[in-house]
Amino acid sequence: MKKTVKDIDVKGKKVIVRCDFNVPQKDGSITDDTRITAALPTIKYLLSEGAAVILMSHLGRPEGEANMKYTLKPVADRLEELLKIPVIFAQSPQVVDEEVKKKAESLKAGEVMLLENVRFRKEETKNGADFAKELASLADIFVNDAFGTAHRAHASTAGIADYLPAVSGFLIEKEVKFLGSAVENPERPFVAIMGGAKVGDKISVIRNLLKKVDTLIIGGGMAYTFYKALGYEIGTSILDADSVDVAKDLLETAKSLGVKMMLPVDVVCGREFKNDTETAVFSCDNMPGDMMGLDIGPETIELYKKEIASAKTVVWNGPMGVFEMETFAKGTLEIAKALSRTDAITVIGGGDSAAAVEQFGLADKMTHISTGGGASLEFLEGKELPGIAVLEEK
Ligand code: ADP
Ligand code: MG
């Protein structure tokens, strides 16, 4: 177990917190502040415990240059509204300079300051030791609360921990707790549901999960690569041609490990890749050559729902079909509903799966929805994330 902010004494200390304030913006104003509100519990806790809080984050991809299109000023303004106390914005193209150091030095308990976008510095994404040291020089303690970038070894996510005691904030604590215990210590039966566009992107996740699960359910675009491996006609469905052999190997691995691997038994096909196209349902071994599979079929939905209903832990990554189009959203919606009804621990990882669950209004019915797309996938691969590896053990 990693130490969290609750395991250390922060009173009278300067605490530098890596947040994920990479918020979507339009014309310089924030269109969704979820990531800012998500960071508030850790910030408020530190303030109430008598720390002086220095916040840092990246925003977009300024590629190591002080491009004001990516300034964190709008985030400072929104933070001020949400915290209802002044937020000192330490604007500097260097992120850390003499002026910023002075500001940090005079920061008192209960006060907050925000540094400029850490990716204004080239050294950030290269995990440059000098920049990490400069950031560390501002504070006494490092808190990582940015799960979405925890799979990157950057100066502000990993390097800084070489110079300061390092612990997690509440967001990372929650991610580690749910993703970690779901995968490492699951209540059984443990069912994983994998979908999305391509097998190629998720081979390592599937390989790792096969070692842990009782049942692996496959849906979405990746199902057709498995069909191909089984010699089925897949028409014009999405095919990850480079992964057909891997798919074969995964099917064999599942068999030898005694894992129940479920592929869709029927599919909803479309003539073209659009919402108002001609559709028809076919069984998996009877697809026509001139249509594409865009969702799991009704029989499959029933089988998958049954499997979910008897599970004690369910991890889901990747939509069951092209849920962005209403005509092909049913499979994903029904799986989301099944997850929302069960008492099992339900963990959602992956950007599009999380978006689907949000879109259906079922987010609050899940045990945990991971905030990190790439990071949650690497976690499910069983990799140790650099931004978490550097944190102190309890
Ligand atoms: P996540 O972000 O949850 O990890 P992915 O990025 O792997 O998921 O995949 C999501 C995408 O997969 C969605 O945009 C969805 O439209 C697409 N997809 C799902 N099923 C199919 C299919 N049968 N054919 C083509 N694309 C599909
Ligand atoms: Mg995605």
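Counting from 1, the numbers follow the sequence of the chain as shown. Both counts, for ligands and for their atoms, begin at 1 and track the order of listing.
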Chemist: Got a sec, which residues hit side chain to side chain donor-acceptor pair (under 3.5 Å) with K133, two or more places apart in sequence or on another chain?
Modeler: none
Chemist: Tell me whether F273 has any N or O atom under 3.5 angstrom from an N or O of ligand 1.
Modeler: no
Chemist: Less than 3.5 Å apart, any donor N or O on the side chain of Q25 or T31 sitting next to an acceptor on the other?
Modeler: no
Chemist: Determine yes or no for a side-chain-to-main-chain donor-acceptor pair under 3.5 angstrom, with D266 supplying the side chain and T300 the backbone.
Modeler: yes
Chemist: Output yes when the distance from some N or O of ligand 1 to some N or O of G349 is under 3.5 Å, and no in every other case.
Modeler: no
Chemist: How does N317 reach ligand 1, by side chain, by backbone, by both or by neither, if only non-hydrogen atoms under 4.0 Å count?
Modeler: side chain
Chemist: Under 4.0 Å, heavy atoms only, figure out whether ligand 1 is touched by the backbone of K198, its side chain, both or neither.
Modeler: neither
Chemist: Answer yes or no: does an N/O atom from Y224 fall short of 3.5 Å to an N/O atom of ligand 1?
Modeler: no
Chemist: How many protein N, O or S atoms sit closer than 2.8 Å to the Mg ion (ligand 2)?
Modeler: 1
Chemist: Taking heavy atoms and a distance under 4.0 Å, where does F328 meet ligand 1: side chain, backbone, both or neither?
Modeler: neither
Chemist: At under 4.0 Å between heavy atoms, is it the side chain or the backbone of I238 that contacts ligand 1, or both, or neither?
Modeler: side chain
Chemist: If only side-chain N and O atoms count, and only distance matters, is there a donor-acceptor pair under 3.5 Å linking N144 with S168?
Modeler: no
Chemist: Is the shortest heavy-atom distance from the side chain of L79 to the side chain of L40 under 4.5 Å?
Modeler: yes
Chemist: Strictly distance-based, threshold 3.5 Å: is any side-chain N or O of D145 a donor or acceptor partner for the main-chain N or O of R18?
Modeler: no
Chemist: Starting at OH of Y70, measure out to CZ of R119 and round the result to the nearest 0.5 Å.
Modeler: 11.0 Å
Chemist: Quick test of your reading of the structure: of G321, P319, G220, whose heavy atom lies closest to atom 18 (N) of ligand 1?
Modeler: G321
Chemist: Should E252 and K255 count as an ion pair when the cut-off is N to O under 4.0 Å?
Modeler: no
Chemist: Throw together a table of side-chain donor-acceptor distances under 3.5 angstrom for residues 177-185, partners on residues two or more places apart or in other chains.
Modeler:
residue: S181; atom: OG; partner: K177; partner atom: O; Å: 2.4
residue: E184; atom: OE1; partner: K212; partner atom: NZ; Å: 3.2

Chemist: Is the shortest N/O to N/O distance between D201 and ligand 1 below 3.5 Å?
Modeler: no
Chemist: Not counting sequence neighbours, list each pair that qualifies as a side chain to side chain donor-acceptor pair (under 3.5 Å) and has a residue in residues 351-360.
Modeler: none
Chemist: What I want to find out is whether K126 reaches E123 closely enough, with some N-O distance under 4.0 Å, to be called a salt bridge.
Modeler: no
Chemist: For ligand 1, note which part of K202 has a heavy atom under 4.0 Å away: side chain, backbone, both or neither.
Modeler: side chain
Chemist: Looking only at non-hydrogen atoms, which of I296, V322, T332 approaches atom 26 (N) of ligand 1 most closely?
Modeler: V322
Chemist: Got an N/O contact under 3.5 Å between G293 and ligand 1?
Modeler: yes
